[in-house]
Amino acid sequence: MHSSAGTAQALPALDVTLALRNDLQRFGVQHMASGLGEVGRVSCTPDPGATLHAAFRTPAADGSVLVLALADLGAELGLLRSVVEGGHRVLLLVDGSAPEFPRELPSLRGLGYADTSSLTADTLRAALTACAADDPPVPFWLFERIVLAWREEPVPSRAARPRITPREQQTLTLLVEGLSNRQIGRRLGISEHGAKRLVASLLSKLDCSNRTSAVALALRDGLCRPQSPTPPLDLSVG
């Protein structure tokens, strides 16, 4: 656990399973993952459906991350939901330029996202370790996509909006900026565990299942504004 004193609990070597149909994508991600010191083992398969079925029948293990591509899932989205809700950590590779994105996916706790258009060894490392630490990453453009999907829904009146503390408001602002729990703790001068408690309290008050939904709600309802039009997601792990 990270603290303001700079002490962090080391994660075990990650066990990564790549279930990607596209050969070039699979080999490329395998090459990047195999070169990461945080990764202990990389397994590859071109059959995401079979991998999801196997994960559905197997208890989730600490330090394991399943990497899938949204374009490969097709009719398997329901099975993906069951796998994620069963505790498996999943990193979904998505294309930010794609015209459509299933709205139900961002509401799944434990599901992380990485944009294939900007995927590097460093961003893959950060995304995998964040997923393993139960702090899955979400690109900012995905928040914007959710807000657009909600554009026709009624916005609650101010009287109906939740009352949050100044500290929680600070936390919400940092969530909108794309910071992880560790980074929020550093900004606020508290431990990572303290930041995690603040985020949990905020999610409860906003009635959101995870940080993705909370940020989308905050942007839609004007509870918080990003510091720049397209703030980058900070995926640093240092």
Shortest non-hydrogen contact from [X] to [Y]?
X    : Y    : value
R21  : P48  : CG-CD, 3.6 Å
L203 : A214 : CD2-CB, 3.4 Å
L20  : A69  : CD2-N, 3.5 Å
N181 : A195 : O-CB, 3.3 Å

With no hydrogens and no angle check, do the side chains of [X] and [Y] hold a donor and an acceptor under 3.5 Å apart?
X    : Y    : value
R186 : Q183 : no
H53  : R57  : no
S204 : S201 : no
D122 : T120 : no

Within-4.5 Å side-chain heavy-atom neighbours: [X] and [Y]:
X    : Y    : answer
V42  : Q30  : yes
L124 : L91  : yes
I164 : L172 : yes
L36  : T129 : no

inquiry  = Please check if the number of heavy atoms outside D207 that lie under 6.0 Å from its CG is greater than 12.
reply    = no

message = I'd like to know whether CG of D134 has more than 12 heavy-atom contacts from other residues, nucleotides or ligands below 6.0 angstrom.
response = yes

inquiry  = Go through it in stages, so that I can follow the logic: the residues are D47 and T45, the test is side chain to side chain donor-acceptor pair (under 3.5 Å), and I'd like the CA-CA distance, side-chain angles, deciding distance and then a yes or no.
reply    = CA-CA 5 Å; D47 192 341; T45 173; 5.8 Å; no

ask   = Ion pair present between D135 and R182, side-chain N to carboxylate O less than 4.0 angstrom?
value = no

message = Using a strict threshold of under 4.0 Å (side-chain N to carboxylate O), is an ion pair present between K196 and E192?
response = no

key: Transitive ILVMFWY side-chain link V90 to F56, under 4.5 Å   = yes

ask   = Would you say F27 and V16 are hydrophobically clustered, going by side-chain heavy atoms of ILVMFWY under 4.5 Å?
value = no

From [atom1] ([X]) to [atom2] ([Y]), nearest 0.5 Å:
X    : Y    : atom1 : atom2 : value
H88  : L80  : NE2   : CG    : 11.0 Å
L202 : L175 : CG    : CG    : 6.0 Å
R26  : C44  : CZ    : SG    : 7.0 Å
I190 : T171 : CD1   : OG1   : 6.5 Å

ask   = Side chain of S64, backbone of A61: donor and acceptor closer than 3.5 Å?
value = yes

